[in-house]
Chemist: 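Please see the structure below; I have some questions.
The structure displayed is predicted, hence computed values, not measured ones. Just so you know, ligand 1 is whichever comes first in the structure, and atom 1 is the first atom listed for that ligand. Atoms considered below: every heavy atom in the structure, side chains included; atoms not considered: hydrogens, waters and symmetry mates. Starting from 1, each residue takes its place in the sequence as its number.
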Amino acid sequence: MARNVVASTCTECLVHCGTLIHLEDGKVVKISGNPASPTSEGAVCIKGVQGPMANLDSPTRILHPMRRAGARGEGKWDRIGWDEAFAQIAERIGDVKTKHGGKAVAGAAATFTQSRGTATRLLLRAIGSPNFMINQDMCHGGRSTAGLLTGFGGSAGSELAKSRTILVVGKSPSESDIVEWVHIQAAKAAGATIIVIDPRRTHISRIADIWMTPKVGTDAVLALSMIDVMLRESLYDRAFVDEWCVGLDALRERASRYPPEIAAAISGVPADDIVRAARLFATQTPGSMVLGHGIDAHEAAVSTSVAFFSLLALTGNIDRAGSNRAGKALPGYKGGFGHFVQAPAFRIAPDLQDQILGGAQYPLWTGNESWTQTCHNPAVLQAIETGVPYPVRAMYVSGTNIACTYPDHDATVAALKSLDLLVVASDQMTPTGELADFFLPKTTLLEEEEVLIGQAEPCLEITQQIYAPRGKAKPDVEIVAGLYAALKARGLVDFEVFPWKNNEEFNRYVLKDTGVSLEELREKTFIKIPYGYEDYRKSGFKTPSGKFELAPQRLRDIGFDPLPDYRPEAAATDDEAYDLVLLTGVRTMALHHSRYLNHRWTRRVKTAPELTIHPTTAARHTVTTGDWVWVQTPESDNRALLRVKVSEDVPESIAATGMGWWYPELPGPHHGAATFNIGRAMAYGPHFDPVSGSPARSRNTRCKIVAADPAEIAPLLEHLTQADTKTGAAVATAPVFRDRTKPTAA
Ligand SMILES: Nc1nc2c(c(=O)[nH]1)N[C@H]1C(S)=C(S)[C@@H](COP(=O)(O)OP(=O)(O)OC[C@H]3O[C@@H](n4cnc5c(=O)[nH]c(N)nc54)[C@H](O)[C@@H]3O)O[C@H]1N2
Ligand SMILES: Nc1nc2c(c(=O)[nH]1)N[C@H]1C(S)=C(S)[C@@H](COP(=O)(O)OP(=O)(O)OC[C@H]3O[C@@H](n4cnc5c(=O)[nH]c(N)nc54)[C@H](O)[C@@H]3O)O[C@H]1N2
Ligand code: SF4
Ligand SMILES: [Mo]
């Protein structure tokens with residue numbers, strides 16, 4: 001038997017761990033962590049070990065292009081050839097374009113590797129549409145916009161291990177980023193102080209020296225109060241601030257409104273903790289900060305992140321060893337978000353770009369100067385529904401399962417169903433794919449080569465292609481190349497922005513000016529990018545003043561208060577029945593949003609969408625672990641069915657759940673997403689961060705829970721007691737796994 005091991009990079013999530021792919025006679029038998037990887041140093045998670053092989057031969061995998069045969073969502077398909085698919089899709093895009101203009105075609109991608117997002121964006125630009133949607137408004141909108149405004153939004157990556165103080169705000173790295181988690185644990189072992197701000201008990205809060213549990217949505221107050229303490233006690237890094245920051249006096253005045261006693265009254269965090277945290281973070285340097293999802297998607301998301309980034313600046317923890325690092329570039333590298341967004345060769349006419357949906361309300365999110373230049377997603381859904389400000393009649397959805405992962409399942413599904421044309425590219429059938437006119441089969445991780453750049457430790461990386469594509473599956477670049485050629489043959493391409501035919505050409509383009517050949521990268525798998533610190537000394541900060549802006553000029557320019565502040569969130573409802581704060585989207589190691597529910601291994605550990613509530617809450621509602629409850633929010637008339645888990649990890653005021661749940665084995669088109677997905681009970685609006693447009697109720701709102709009538713829901717749960725032919729999961733008899741959120745007995 002021939003055995004060999006190929007070093008590769010995992011792209012099952014954005015952490016990009018280095019992996020070792022073990023082969024026997026050319027067949028993958030195991031995936032493990034690669035200790036030589038500068039990014040992950042051997043770390044790997046269950047998704048990376050199990051996911052690639054399970055995706056490859058999943059029973060829900062689609063291996064041929066398909067055209068809808070019955071009514072939309074009826075599940076009747078004709079298998080067709082690629083040429084036929086490309087020609088017919090191009091025809092129908094042509095119809096929409098002729099009738100309504102190119103911008104009536106929108107496209108969506110999400111958490112993408114480089115090629116997937118780029119291919120979708122450029123396909124749209126080719127036909128004159130600026131309407132590219134990503135999920136970042138829900139994801140990183142507040143933090144990335146704050147980084148753009150202040151001039152610095154860097155994360156610490158491997159510097160964490162060298163930090164003496166680490167402040168973790170609204171993030172649970174043990175579930176969502178194992179590389180960060182490994183580095184934080186290393187720092188802790190070396191004596192670093194860990195400060196955590198999170199209302200929920202997590203692995204990181206368990207190792208924290210100070211754990212602050214604020215009321216949800218009050219984090220800005222804590223940051224401003226820490227700033228107040230640092231400035232009043234002159235603990236800040238005067239040399240850095242004098243030379244590199246503007247706006248100190250204004251910030252000092254603003255922060256003085258939130259002395260620790262006032263901050264304590266608003267947030268519920270003891271004043272002593274705030275003072276102690278401020279002193280430690282200011283004096284025990286170098287320090288770093290990890291900002292997570294918990295402070296994004298609030299009405300004051302941008303303001304809150306500006307306040308936390310300001311704490312970094314005041315302490316000089318910017319681009320130094322052991323602090324948050326600036327993104328490091330590999331000279332000549334033609335990838336990453338910025339290149340394909342900004343490079344003149346890939347732009348469309350400025351007057352077209354200016355018509356992007358949501359552009360008028362959120363220029364810092366959508367406009368020419370923004371980081372993403374992507375739509376405000378609710379504006380696209382509205383344009384589909386109402387034709388205002390102009391119609392959107394076709395969509396190309398690649399690598400996102402929006403029927404499960406956008407808030408408001410019903411509105412999203414209604415919008416998708418009403419389109420003249422919906423094309424979905426994905427490796428697996430999903431509730432989104434079920435609604436398509438054309439389903440285009442995508443390769444999985446082991447079947448394609450992808451060049452990447454990672455920042456956990458600045459590094460050029462490659463995902464190695466191990467297998468030829470299964471069936472007729474193609475990588476995203478090739479799918480788009482085929483569509484582009486068919487559109488071009490019909491005279492529908494206005495902007496020549498897609499010169500590549502396949503992944504290899506694309507990857508060679510990305511590398512061509514770096515001095516690293518594709519062959520060299522294939523051989524080495526990763527190449528560290530040499531880097532230094534304090535890049536701002538060479539290039540300044542990318543702000544109008546060239547300095548770190550504590551009161552960002554760009555906010556002032558568009559009529560906003562430039563200083564960070566605390567804004568109490570508008571009350572979701574006065575109805576006392578909504579007695580809990582609902583946190584959604586809490587990450588768990590075995591899932592990636594809506595992915596992996598079709599895999600046997602996942603379903604052994606995750607059998608149902610969980611709603612974690614405190615014992616007191618459970619007693620009040622007379623429910624206990626394992627009971628099913630209907631969850632409703634004030635923003636929607638619909639409800640979702642979740643299973644209770646009673647735990648003291650959440651305070652009495654909170655109910656916490658994940659997101660995106662569906663059961664692939666249940667009948668289409670929704671496969672249970674219209675029952676078990678918390679998105680069914682949520683809405684996109686009505687509250688948005690005024691700067692970034694982040695939907696404030698997509699991750700936290702209020703909810704009421706009602707115990708479900710066992711007789712009523714029994715038919716909905718039948719499938720859970722049967723061995724399932726699609727996932728192989730006999731859930732009721734599945735082994736019970738140790739709950740890793742509980743400490744093991746000594
Ligand atoms: N295993 C796994 N990993 C993932 C993902 C996945 O689906 N699965 N998804 C990836 C993606 S796209 C993302 S965006 C990230 C998200 O990953 P994280 O940023 O870690 O997001 P969450 O897991 O939602 O954790 C957010 C934390 O914020 C806390 N929180 C909630 N509200 C507040 C608040 O008002 N203030 C404070 N201070 N804390 C609050 C919650 O209790 C929770 O512990 O994970 C990435 N990594
Ligand atoms: N209520 C609530 N909703 C949320 C969140 C929350 O916290 N709460 N979090 C939000 C966040 S942060 C995010 S990032 C989004 C995530 O939202 P999504 O990106 O929609 O989440 P995934 O479930 O990861 O869906 C990815 C889909 O792409 C397919 N796919 C995987 N790889 C490829 C590929 O290479 N090419 C193609 N064409 N397809 C591929 C997968 O099979 C899967 O169907 O969800 C958001 N939604
Ligand atoms: S954390 Fe897991 S899924 Fe993400 S890259 Fe690493 S091994 Fe892959
Ligand atoms: Mo995300």
Side-chain angles (χ1 to χ4, degrees), residues 9-19 31 33 39-40 43-49 51-52 55 108-113 115-116 119-120 134-136 138-140 168-173 175-179 196-202 204-205 212-219 222 290-298 304 397-407 424-430 432-433 440 442-445 448 450 475-476 479 581 583-596 598 650 654 656-660 677-679 682 698-700:
T9 306
C10 179
T11 53
E12 293 295 324
C13 87
L14 296 183
V15 174
H16 297 183
C17 298
T19 49
I31 298 176
T39 309
S40 53
V44 73
C45 87
I46 182 76
K47 298 183 298 301
V49 168
N55 276 330
T111 47
F112 35 76
T113 50
S115 64
R116 187 191 329 167
T120 306
I134 54 173
N135 58 294
Q136 293 282 320
M138 267 180 284
C139 179
H140 213 267
V168 181
V169 191
K171 180 147 191 182
S172 175
E175 304 294 327
S176 62
D177 190 328
I178 51 163
V179 168
V196 170
I197 308 181
D198 195 314
R200 222 170 45 94
R201 183 156 62 195
T202 58
I204 185 117
S205 76
M212 300 188 246
T213 57
K215 284 186 199 132
V216 169
T218 62
D219 295 80
L222 294 181
V290 173
L291 300 182
H293 219 156
I295 55 164
D296 232 295
H298 285 276
T304 303
V397 176
S398 170
T400 176
N401 183 12
I402 61 180
C404 289
T405 56
Y406 279 7
V424 174
S426 176
D427 52 333
Q428 315 285 332
M429 184 49 81
T430 62
T432 308
L440 305 180
K442 164 69 184 43
T443 44
T444 62
L445 186 140
E448 66 189 29
E450 175 94 27
D476 286 297
I479 298 176
V581 173
L583 302 184
T584 77
V586 170
R587 271 33 178 186
T588 166
M589 192 48 87
L591 297 173
H592 191 253
H593 317 121
S594 71
R595 296 172 66 205
Y596 307 123
N598 54 335
V650 297
I654 285 180
T657 188
M659 58 169 286
N677 184 349
I678 190 61
M682 305 189 78
S698 70
R699 296 188 31 86
N700 75 86

Chemist: Please list, in number order, the atoms of ligand 3 under 4.0 Å from a heavy atom of E12.
Modeler: 3 (S)
Chemist: Within a distance under 4.0 Å of any heavy atom of S398, pick out the atoms of ligand 2 and give their elements.
Modeler: 38 (N)
Chemist: Could you walk me through whether S205 and D198 pass the side-chain hydrogen bond (donor to acceptor under 3.5 Å, both in side chains) check?
Modeler: CA-CA 8 Å; S205 76; D198 195 314; over 6 Å; no
Chemist: Counting backbone and side chain alike, does C17 bring an N/O/S atom below 2.8 Å of atom 4 (Fe) of ligand 3?
Modeler: no
Chemist: Give the residue and atom name of whichever protein heavy atom lies nearest to atom 15 (C) of ligand 2, and the separation in Å to one decimal.
Modeler: N135 ND2, 3.7 Å
Chemist: Which protein heavy atom lies closest to atom 8 (N) of ligand 2, and at what distance to 0.1 Å?
Modeler: T584 OG1, 2.9 Å
Chemist: Looking only at protein heavy atoms, identify the closest one to atom 43 (C) of ligand 2 and say how far it is in Å.
Modeler: R595 CG, 3.8 Å
Chemist: As a check for students: among N677, D427, T405, identify the option with a heavy atom nearest to atom 42 (O) of ligand 2.
Modeler: D427
Chemist: Considering heavy atoms of the protein only, find what lies nearest to atom 7 (O) of ligand 1 and give residue, atom and distance to 0.1 Å.
Modeler: H593 N, 2.9 Å
Chemist: Quick one: look at V586 and ligand 1, take heavy-atom pairs under 4.0 Å, and tell me if it's side chain, backbone, both or neither.
Modeler: backbone
Chemist: Restricting to non-hydrogen atoms, name the atom on T304 and the atom on D219 that form the minimum distance, rounded to 0.1 Å.
Modeler: CG2-CB, 3.8 Å
Chemist: Do I654 and V216 have side-chain heavy atoms sitting under 4.5 Å apart?
Modeler: yes
Chemist: Using a strict cut-off of 4.0 Å, indicate which atoms of ligand 1 neighbour a heavy atom of G585.
Modeler: 24 (O)
Chemist: Starting from atom 36 (N) of ligand 2, locate the nearest protein heavy atom and write down its residue, its atom name and how far away it is, to 0.1 Å.
Modeler: D476 OD2, 2.7 Å
Chemist: List the steps, then state whether side-chain contact (heavy atoms from CB on, under 4.5 Å) holds for R587 with H592.
Modeler: CA-CA 8 Å; R587 271 33 178 186; H592 191 253; over 6 Å; no
Chemist: Strictly distance-based, threshold 3.5 Å: is any side-chain N or O of H293 a donor or acceptor partner for the main-chain N or O of M138?
Modeler: yes
Chemist: Of the protein's non-hydrogen atoms, which lies at the shortest distance from atom 8 (Fe) of ligand 3, and what is that distance?
Modeler: C10 SG, 2.3 Å
Chemist: Students should be able to answer this: which protein heavy-atom is nearest to atom 25 (O) of ligand 2, and at what distance?
Modeler: N401 N, 3.8 Å
Chemist: What protein heavy atom sits nearest atom 6 (C) of ligand 1, and how far off is it?
Modeler: R587 CG, 3.3 Å
Chemist: Less than 4.0 Å is my threshold; does some heavy atom of P407 fall inside it relative to ligand 2?
Modeler: no
Chemist: Go through ligand 1 atom by atom and flag the ones less than 4.0 Å from a non-hydrogen atom of H298.
Modeler: 35 (O)
Chemist: Looking only at protein heavy atoms, which one is nearest to atom 44 (O) of ligand 1, and what is the separation?
Modeler: D198 OD2, 2.6 Å
Chemist: Identify, by atom number and element, the atoms of ligand 1 in contact range of R200, meaning under 4.0 Å from any of its heavy atoms.
Modeler: 41 (C), 42 (O), 43 (C), 44 (O)
Chemist: Give the atoms of ligand 2, by number and element, whose distance to some non-hydrogen atom of A110 is under 4.0 Å.
Modeler: 19 (O)
Chemist: Under 4.0 Å, heavy atoms only, figure out whether ligand 1 is touched by the backbone of L583, its side chain, both or neither.
Modeler: side chain
Chemist: For ligand 1, note which part of L591 has a heavy atom under 4.0 Å away: side chain, backbone, both or neither.
Modeler: backbone
Chemist: Would you say the side-chain atoms of T432 pair up with the backbone N or O of I402, donor to acceptor, closer than 3.5 Å?
Modeler: yes
Chemist: What part of S698 sits under 4.0 Å from ligand 2 if we count only heavy atoms: the side chain, the backbone, both or neither?
Modeler: backbone
Chemist: Is there side-chain contact between M682 and T584, with at least one heavy-atom pair below 4.5 Å?
Modeler: yes
Chemist: Quick test of your reading of the model: are E448 and K442 salt-bridged, counting only N-O distances below 4.0 Å?
Modeler: yes
Chemist: Should you measure from each heavy atom of D219, which atoms of ligand 1 turn up under 4.0 Å away?
Modeler: 34 (C), 35 (O), 36 (N), 37 (C), 38 (N)
Chemist: Please work out, at 4.0 Å between heavy atoms, whether the side chain, the backbone, both, or neither of R699 comes within that distance of ligand 1.
Modeler: side chain
Chemist: Which residue and non-hydrogen atom of the protein lie closest to atom 35 (O) of ligand 1, and at what distance in Å?
Modeler: G217 N, 3.0 Å
Chemist: One residue to check: N55. Relative to ligand 2, which of side chain, backbone, both or neither has a non-hydrogen atom less than 4.0 Å away?
Modeler: neither
Chemist: Could an N or O of ligand 1 be found under 3.5 Å from any N or O of I197, whether backbone or side chain?
Modeler: yes
Chemist: Which residue owns the protein heavy atom closest to atom 40 (C) of ligand 2, what's the atom, and how far is it?
Modeler: G399 CA, 3.6 Å
Chemist: Any atoms of ligand 3 less than 4.0 Å from a non-hydrogen atom of K47? List them with their elements.
Modeler: 3 (S)
Chemist: Going by the closest heavy atom to atom 12 (S) of ligand 2, which one wins out of E12, M138, H293?
Modeler: H293
Chemist: For the backbone of E12 and the side chain of R595, can you confirm whether one donor and one acceptor N or O come within less than 3.5 Å of each other?
Modeler: yes
Chemist: May I ask you to identify, for L14, whether its side chain, its backbone, both or neither come under 4.0 Å of ligand 1 on a heavy-atom basis?
Modeler: neither
Chemist: Using a 4.0 Å heavy-atom cut-off, which part of M682 comes near ligand 2: side chain, backbone, both, or neither?
Modeler: side chain
Chemist: Does only the side chain of H592 get under 4.0 Å from ligand 2, or the backbone, or both, or neither? Count heavy atoms.
Modeler: both
Chemist: Give me the residue, atom name and distance of the protein heavy atom closest to atom 4 (Fe) of ligand 3.
Modeler: C13 SG, 2.3 Å
Chemist: So if I count the atoms of ligand 3 from 1 in the order they appear, which ones are less than 4.0 Å from some heavy atom of H16?
Modeler: 5 (S)
Chemist: Report the part of H592 in contact with ligand 3, treating N, CA, C, O as backbone and CB onward as side chain, heavy atoms under 4.0 Å; options are side chain, backbone, both, neither.
Modeler: neither
Chemist: So which of S205, S176, A297 gets nearest to atom 18 (P) of ligand 1, if we judge by its closest heavy atom?
Modeler: S176
Chemist: Report the nearest protein non-hydrogen atom to atom 34 (C) of ligand 2: residue, atom name, distance rounded to 0.1 Å.
Modeler: R116 NE, 3.2 Å
Chemist: Show me which atoms of ligand 1 lie under 4.0 Å from any heavy atom of C139.
Modeler: 14 (S)
Chemist: Among all protein heavy atoms in this structure, tell me which lies nearest to atom 45 (O) of ligand 2, with the distance rounded to 0.1 Å.
Modeler: M659 CE, 3.2 Å
Chemist: Please list, in number order, the atoms of ligand 2 under 4.0 Å from a heavy atom of T430.
Modeler: 44 (O)
Chemist: Would a 4.5 Å heavy-atom cut-off, applied to side chains only, mark T430 and S594 as touching?
Modeler: no
Chemist: With heavy-atom distances below 4.0 Å as the criterion, list the atoms of ligand 3 near I178.
Modeler: 1 (S)
Chemist: Considering only protein heavy atoms, which is closest to atom 2 (Fe) of ligand 3, and at what distance to one decimal place?
Modeler: C45 SG, 2.3 Å
Chemist: Going by the closest heavy atom to atom 32 (N) of ligand 1, which one wins out of G292, C45, G294?
Modeler: G294
Chemist: For ligand 1, which atoms sit closer than 4.0 Å to a heavy atom of K47?
Modeler: 1 (N), 2 (C)
Chemist: Can you list the atoms of ligand 1 that are under 4.0 Å from a heavy atom of V216?
Modeler: 35 (O)
Chemist: Looking at ligand 2, would S426 count as a contact under a 4.0 Å heavy-atom criterion?
Modeler: yes
Chemist: Only heavy atoms of T588, strictly under 4.0 Å: list the atoms of ligand 1 that pass.
Modeler: 1 (N), 2 (C), 8 (N)
Chemist: Identify the protein heavy atom lying closest to atom 26 (C) of ligand 1, giving its residue, its atom name and the separation to 0.1 Å.
Modeler: G170 O, 3.3 Å
Chemist: If hydrogens are left out, which of C13, P199, S594, S172 has an atom nearest to atom 39 (N) of ligand 1, that is, the closest non-hydrogen atom?
Modeler: P199
